[in-house]
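Reading through the structure tokens given below for one structure.
Position 1 is the first residue of the sequence, and the numbers go up from there.
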Amino acid sequence: MAQKAHIVGKVEYRSGDGPNVEIRPGPVDVATGINDVTLSWTDEETHGSAAIPLADFKRYVAEGLIKLDA
């Protein structure tokens, strides 16, 4: 079961070998793995997801850029 959270600041992920891509502010589902976290979201008819390293996710939470729902 995914945890719910909100992106409230500048959160980025790297798409392959390309540049960093910013995740838009708003609600996301969080699925935590051993080494990474997958964030999933929906914008109207568009669905997106991004895997980020667990250490980056923890830093985003500690900095208040991702707010975990209770």
Side-chain angles (χ1 to χ4, degrees):
M1 184 170 141
Q3 182 175 9
K4 303 290 185 183
H6 280 80
I7 305 291
V8 295
K10 186 175 183 178
V11 174
E12 297 178 320
Y13 69 98
R14 183 172 304 280
S15 179
D17 291 332
N20 286 344
V21 178
E22 189 171 344
I23 300 172
R24 57 86 185 117
V28 293
D29 290 328
V30 178
T32 305
I34 295 171
N35 296 319
D36 61 12
V37 174
T38 301
L39 303 175
S40 304
W41 62 90
T42 303
D43 285 325
E44 297 178 22
E45 294 183 19
T46 303
H47 299 273
S49 68
I52 61 174
L54 184 57
D56 289 349
F57 175 77
K58 288 181 177 181
R59 178 177 50 85
Y60 285 135
V61 171
E63 292 175 356
L65 303 174
I66 297 176
K67 300 281 188 185
L68 301 175
D69 292 355

(message) Looking at Tyr13 and Ser49, would you say the former's side chain and the latter's main chain have a donor-acceptor pair under 3.5 Å?
(response) no

(request) Take Trp41 and Ile7 through the side chain to side chain contact (heavy atoms under 4.5 Å, CB included) test and state the conclusion after the steps. (result) CA-CA 10 Å; Trp41 62 90; Ile7 305 291; over 6 Å; no

(message) Quick one, Val30 and Leu39 - any side-chain contact, counting heavy atoms below 4.5 Å?
(response) yes

(request) Of all the heavy-atom pairs spanning Glu44 and Thr42, show the shortest one and how long it is. (result) O-CG2, 3.4 Å

(request) Could you give me the CA-CA distance, side-chain angles and deciding distance for Asn35 and Leu54, then say whether side chain to side chain contact (heavy atoms under 4.5 Å, CB included) is met? (result) CA-CA 5 Å; Asn35 296 319; Leu54 184 57; 5.8 Å; no

(request) With rounding to the nearest 0.5 Å, note down the distance linking CD1 in Ile52 to CD in Glu12. (result) 10.5 Å

(message) For residues Val21 and Val8: do they belong to one hydrophobic cluster (side chain heavy atoms under 4.5 Å, members Ile, Leu, Val, Met, Phe, Trp, Tyr)?
(response) no

(request) Supply the atom-to-atom distance Asp56 CG to Ile66 CD1, rounded to the nearest 0.5 angstrom. (result) 9.5 Å

(request) Identify the heavy atoms of Ala51 and Asp36 that sit nearest to each other, and give their distance. (result) CB-OD2, 4.2 Å

(request) Could you tell me which non-hydrogen atom of Gln3 sits nearest to which non-hydrogen atom of Asp69, and how far apart they are? (result) NE2-O, 3.9 Å

